[in-house]
Amino acid sequence: MLRSYIPALVFIGLGAIVSSALVAVNAFLGRKRRTGTVKGDPYESGLPSEFSRTFRWGVSFYMVAMLFILFDIEVIFLYPVGVILNAADSVFVLAEILVFVALLLVALIYVWRRGALDWR
Amino acid sequence: MLIAEVGFAEATWILIVKALVIFAAVFAVAPVLTVVERKILGRFQARYGPNRVGPFGLLQPAADALKLIGKEQFEPRGALRLLYAAGPALVVFSGIATLAILPWGDVKNGVGFYGIDVSIGVLYFFAFGGLSFYGLLLGGWASGSKYSFLGAMRSAAQLISYEISMALALFGAILMAGTLSLTEIVHAQDDVWFVVPQFLGFLIFMVAGFAEANRAPFDLPEADAELVAGYQTEYGGMRWGSFMLAEYLEMFVISGIAATFFLGGWKGPGPGFLDPIWMLAKILGLMFLFFWVRATLPRVRYDQLMSFGWKVLLPLATLNALVTAVLVTVL
């Protein structure tokens, strides 16, 4: 029954209300802002801060992000099979899991050997 | 049925009221935890910790909250206004939404002592828990400061690396229980808590949980020695407080999931009405572990953190899942 999701909706609503209240509360209850100072500068120890949003970021990050997608989908695919494994009690289901995981283990060993997991 | 079906739902008003009660109870406990953590850390370092505001310093969180509310609304010059505000909001939202899944007891007198008990179960936790990743990434990126930017990128890479091991660590317990519903997983532990047959899974889950909650020794995203304060460098006032609150909520939920999957959830000696107390006691015990580890272990280096996640935890979790799968079928 979808009705049992109602508490989740309540929590989601509470989350939306509380989080927006926390983010906005200083604008209403806090001190008024003094502008025209150097206060708005980003944190830096004395020098002018250099920042650009088009920073190049190392390729390791994208590598990790791609691997994450691969392995997270593996886990999500495993979950439904895992739920029925005990009740099914069949070697076929077990073999399916083993083959699926083994294929991804090969992929993991491959990227490991190629050095994609070394954070540089 | 595998898709979103549950056995039981009360009248609509009971569903709403019980959600509000759980929310109020958790938010009554969470501020106390901030004080308890500081007092425990103090004791570990042979000092008192906060003890000036109220009896035993118990009113410290109220004082902290008042101070944070009194701060001015601040935005650094280079910030992207909307995303800068969305960062902390998303993190808190994710923390509150995941609270719905924790089971506090069985169905008693026609009322289920849990927020939701659905057949997608723990996937709800991963779906909403994963949202906090966007909060850190957006908040740090939108701050317009290089320290925030570095912290945000680090936290993103760290969160996604450890989430896999976390999910795989639970997979062993799911194989044994044959369900995703958290109450049924607790019932599956009638004979023996899963911490005994799934001890490796429990360890992997807790280590990955430390990384997920950005807690020491894996608090690299906010590593104050190198990145000032990481993604929260440019935040102040209650927006900064939101990150703190979310950290405690996240620890609470991770401890709750660990207690449910491995420590028998609400099970304990005594009459039925003690069930939520037992659950809370187990959660607080696991949170003490968070505090204890923070006082004991130094921060690891970043490349150590990444290689530990991919080269130790992930293979171990996979092995654990495979061995459990074989044993569940054979036995």
Side-chain angles (χ1 to χ4, degrees), chain A residues 1-8 10-12 14-16 18-20 22-23 25-27 29-33 39-43 49-51 53 55 57 61 64-65 67-68 71-72 75 78-80 82-87 89-91 93-94 97-98 101 105 108 112 117-120, chain B residues 2 6 9 12 15-16 18-20 23 69-73 76-78 85 88-89 92-93 96-97 99-100 115-116 118 144-147 149 153 157 160-161 163-164 167-168 171 174-175 178-180 228 233-234 237-239 241-242 302-303 306-307 310-311 318 321-322 325-326 328-329:
Chain A
M1 268 195 297
L2 284 177
R3 224 159 53 77
S4 58
Y5 278 93
I6 288 175
V10 176
F11 274 100
I12 288 169
L14 281 170
V18 171
S19 58
S20 1
L22 287 180
V23 164
V25 66
N26 288 119
L29 297 178
R31 281 192 196 170
K32 290 295 159 272
R33 181 161 186 198
K39 201 162 59 180
D41 284 351
Y43 178 88
S49 180
E50 286 172 29
F51 177 76
R53 237 177 234 100
F55 263 159
W57 186 246
F61 177 76
V64 167
L67 289 175
F68 165 71
F71 284 96
D72 211 37
V75 173
L78 274 178
Y79 267 35
V83 168
I84 60 164
L85 178 68
N86 206 349
D89 201 24
S90 84
V91 182
V93 179
L94 175 67
I97 292 183
L98 293 186
V101 174
L105 266 185
L108 179 68
W112 190 336
L117 300 181
D118 300 326
W119 186 268
R120 284 183 295 257
Chain B
L2 289 176
V6 279
T12 308
L15 289 175
I16 293 174
K18 79 178 180 187
L20 292 173
F23 175 81
I69 287 173
K71 298 290 181 185
E72 72 179 54
Q73 189 80 300
R77 193 173 296 139
V92 172
F93 173 77
I96 294 177
L99 284 178
I116 55 172
V118 287
S145 153
K146 55 182 151 190
Y147 298 104
F149 181 81
M153 285 301 169
I160 59 182
S161 299
E163 192 140 307
I164 303 167
L168 265 178
F171 186 64
I174 289 168
L175 281 172
T179 174
L180 291 178
V228 191
T233 305
E234 301 293 335
M238 214 54 202
R239 289 186 177 179
S242 300
Y302 198 74
D303 58 322
M306 294 304 285
S307 60
W310 285 100
K311 297 178 181 172
T318 312
L322 287 182
V326 173
V328 161
T329 314

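Note that these values count all heavy atoms, side chains included, but never hydrogens, waters or copies made by symmetry. Numbered from 1 within each chain, the chains take letters A, B, ... in sequence-line order.
- Heavy atoms closer than 4.5 Å to chain B are found in the side chain of A:L105, but not in its backbone.
- The parts of B:T329 that come within reach of chain A are both its backbone and its side chain, each placing non-hydrogen atoms under 4.5 angstrom from that chain.
- Ranking A:A65, A:S19, A:G82 against chain B, the residue ahead of the rest is A:S19, based on heavy-atom pairs under 4.5 Å.
- Residues A:L14 and B:L20 meet the side-chain proximity criterion, which asks for heavy atoms closer than 4.5 Å.
- Comparing B:G70, B:G237, B:A97 by heavy-atom pairs within less than 4.5 Å of chain A, the highest count is held by B:G70.
- Here CD1 of B:I116 is found 11.0 Å from CG of B:L99. Values are rounded to the nearest 0.5 Å.
- The aromatic rings of A:Y79 and B:F171 sit parallel, their planes meeting at an angle under 30°, below the 60° perpendicular limit.
- Rounding to the nearest 0.5 angstrom, the gap separating the OG atom in B:S161 from the CZ atom in A:F71 is 11.5 Å.
- Per-residue counts of heavy-atom pairs under 4.5 Å with chain A were compared for B:A321, B:S242, B:G178, B:G241; the largest is that of B:G178.
- Note that CG of A:D72 is 9.0 Å distant from CG of B:L168, once rounded to the nearest 0.5 Å.
- Atoms NZ and CE, from B:K311 and B:M306 in turn, are 10.5 Å apart once rounded to the nearest 0.5 Å.
- When each of B:I160, B:L175, B:T179 is scored by its heavy-atom pairs under 4.5 Å with chain A, the top score falls to B:I160.
- A:L108 touches chain B through its side chain: at least one heavy atom from C-beta onward sits under 4.5 Å away, while N, CA, C and O do not.
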> Do B:F23 and A:V10 pass the side chain to side chain contact (heavy atoms under 4.5 Å, CB included) test, and can you show the C-alpha distance, the side-chain angles, and the key distance before you say yes or no?
Replying inline: CA-CA 10 Å; B:F23 175 81; A:V10 176; over 6 Å; no
> Given A:I12 and B:F93, is the side chain to side chain contact (heavy atoms under 4.5 Å, CB included) satisfied, shown in steps?
Replying inline: CA-CA 7 Å; A:I12 288 169; B:F93 173 77; 3.6 Å; yes
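- In terms of heavy-atom pairs under 4.5 angstrom with chain A, the leader among B:L322, B:T318, B:I164 is B:I164.
- Proximity to chain A (any heavy atom under 4.5 Å) is shown, for B:K71, by both the backbone and the side chain.
- Chain A forms more heavy-atom pairs under 4.5 Å with one residue of B:I16, B:I96, B:V328 than with any other, namely B:I96.
- Both the backbone and the side chain of A:V23 come within less than 4.5 Å of a heavy atom of chain B.
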